[in-house]
Amino acid sequence: MARRVEDQAFVTLATNDQYCYGALVLGQSLRDNGTTRQLAIMVTPQVSQPMRQQLSLVYDDIRQVDPLDSHDEAHLALLTRPELGITFSKLHCWRLTQYSKCVFLDADTLVLHNVDDLFDREEFSAAPDVGWPDCFNSGVFVFKPSEDTYNSLLQCAVTHGSFDGGDQGLLNTFFSGWATQDIRKHLPFIYNMTSNISYTYKPALLRFGESIKIVHFIGTAKPWRYTYNTLTSTVSPPAEIGHGNGHQLSYVQAWWNVFMSSIKPRIEQAQGGELAVHFDSLNLESSVSSAPREPGSPRTRQHAWEQGEVDYMGSDSFEKIHEHIQEKINGEDKDKDDEKK
Ligand code: UDP
Ligand code: MN
């Protein structure tokens, strides 16, 4: 077995049991890819006992953090800014000073290849945000724990707040030199590949997809909110994830593959207790009716279209689209004529 490095850790955060599903899969994906670093997770008091038990099977270090610790003056100052609560919880990672260097990963990330080389980087390294590439995305970053930095960050939070109300705005204000000062602190995009369909640069995905190391499921469409069919072993997006807002299904599928093969069996083993209730909140289906939609159905076509798979010569050809628009126009004209009558 590879030598364990004791003083470096991957760190994540979960403030409730839902995000713990993400953290369990993330931790497992790091182990499956042979990390030699420690795995640490910060949890808030809301995380249930049975879930902590599951976390302890994947993580070396479970740290309780309390965002509203009234003994801390800086915390008290922050109480007037309740929207920074979650931001605050993430900042606690700078207090993990038994580690000399850490990599923070959001609980909604999934590791596809070994990323231990991230520890060769210095604070503060991160990848660009696809929405505004002069800002970094705070879902993956390299940092050096330090009480001094932690206190300065809190001071910055109190003085400047966060321009997006979350940790990303605050961290971009604090590490404002990131965009221009040192290119070595720019992590390649493959270390934080946001897989939202609406942002995808499809030819680049085809060219570089194989080398993606970390997928980040940003936004509200988290993998654990998708439906997994246990008969067909396939995922489908929940109804409320609207047009073009979801993630590339192949990555959501990869997330569920880890969940089904490693996490679910352990949860079932421990079941009978409270966790059974939480487990029910996942969308596991076993009916045939939810099997993949038959090819050619409008829903399937829409899906494929959203994935960038356009059937130029067939059902998405110009003629077909033109025909469809014409039908709609004619239909509306007919409705208007009917109204007039
Ligand atoms: N988080 C959490 N509980 C919450 C919201 C966020 O534990 O209710 C943690 C979790 O680690 C999550 C991170 O904070 O991955 C950042 O939030 P999120 O990933 O939802 O933001 P996004 O990446 O979608 O902007
Ligand atoms: Mn995230």
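Both counts, for ligands and for their atoms, begin at 1 and track the order of listing. One is the number of the first residue; the rest follow in order along the sequence.
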Q: Fit a plane to each ring of W94 and F143, take the angle between them on a 0 to 90° scale, and name the class: parallel (under 30°), tilted (30 to 60°) or perpendicular (over 60°).
A: tilted
Q) So, W256 versus Y21, ring centres under 6.0 angstrom or not? A) no
Q) Going through the distances and angles, do S233 and Y228 end up as a side-chain contact (heavy atoms from CB on, under 4.5 Å)? A) CA-CA 7 Å; S233 305; Y228 184 87; 3.3 Å; yes
Could you tell me which atoms of ligand 1, counted from 1 in the order shown, lie closer than 4.0 angstrom to a heavy atom of [X]?
X: K222; result: 18 (P), 19 (O), 20 (O), 22 (P), 24 (O)
X: A14; result: 7 (O)
X: D106; result: 13 (C), 15 (O), 16 (C), 19 (O), 23 (O)
X: G219; result: 24 (O)

Q: Of the side chain and backbone of H216, name the one, both, or neither that has a heavy atom under 4.0 Å from an atom of ligand 1.
A: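 It is the side chain that gets close, since no backbone atom is under 4.0 Å.
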Q: Would you mind telling me if ligand 1 is within reach of the side chain of T220, the backbone, both or neither, using heavy atoms under 4.0 Å?
A: neither
Kindly confirm or rule out an N or O of [X] lying under 3.5 angstrom from an N or O of ligand 1.
X: D108; result: yes
X: I218; result: no
X: D167; result: no
X: F217; result: no
X: T15; result: yes
X: F104; result: no

Q: Measure from the side-chain N and O atoms of R95 to the backbone N and O of S146, and report whether any donor-acceptor pair falls under 3.5 Å.
A: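 Checked: no pair found.
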Q | Flag, side chain of K213 to backbone of L112, donor-acceptor distance under 3.5 Å | A |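 Checking the backbone N and O of L112 against the side chain of K213, no donor-acceptor pair under 3.5 Å is found.
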Q) What is the number of protein N, O or S atoms that sit under 2.8 Å away from the Mn ion (ligand 2)? A)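 For the Mn ion (ligand 2), protein nitrogen, oxygen or sulfur atoms under 2.8 Å: 4.
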Q. If you draw a 6.0 Å radius around CD in E147, do more than 12 non-hydrogen atoms from other residues or ligands fall strictly inside?
A.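 Enclosed.
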Q.
I need the minimum non-hydrogen distance between I41 and L55, along with the two atoms involved.
A.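 Shortest heavy-atom contact: CD1-CD2, 3.9 Å.
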Q) K144 and E122: salt bridge (charged side-chain N to carboxylate O under 4.0 Å, His left out), yes or no, with the steps? A) CA-CA 8 Å; K144 184 174 169 47; E122 299 301 327; over 6 Å; no
Q: Return yes when Q18 approaches ligand 1 closer than 4.0 angstrom through a heavy atom, no otherwise.
A: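 Flag not set, Q18 not near ligand 1.
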Q. Does a donor on one side chain and an acceptor on the other come within less than 3.5 Å for Q53 and R266?
A.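 There is no such pair between these side chains.
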Q.
We want to know whether Q38 and D61 form a side-chain donor-acceptor pair, criterion being a heavy-atom distance below 3.5 angstrom.
A. no
Q: May I ask you to say whether D106 pairs ionically with K90, meaning some side-chain N is under 4.0 Å from a carboxylate O?
A: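 Salt bridge flag = yes for K90 with D106.
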Q) What residues form a side-chain hydrogen bond (donor to acceptor under 3.5 Å, both in side chains) with R207, not counting sequence neighbours? A)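 Counting only residues at least two positions away or on another chain, R207 forms no side-chain hydrogen bond (donor to acceptor under 3.5 Å, both in side chains).
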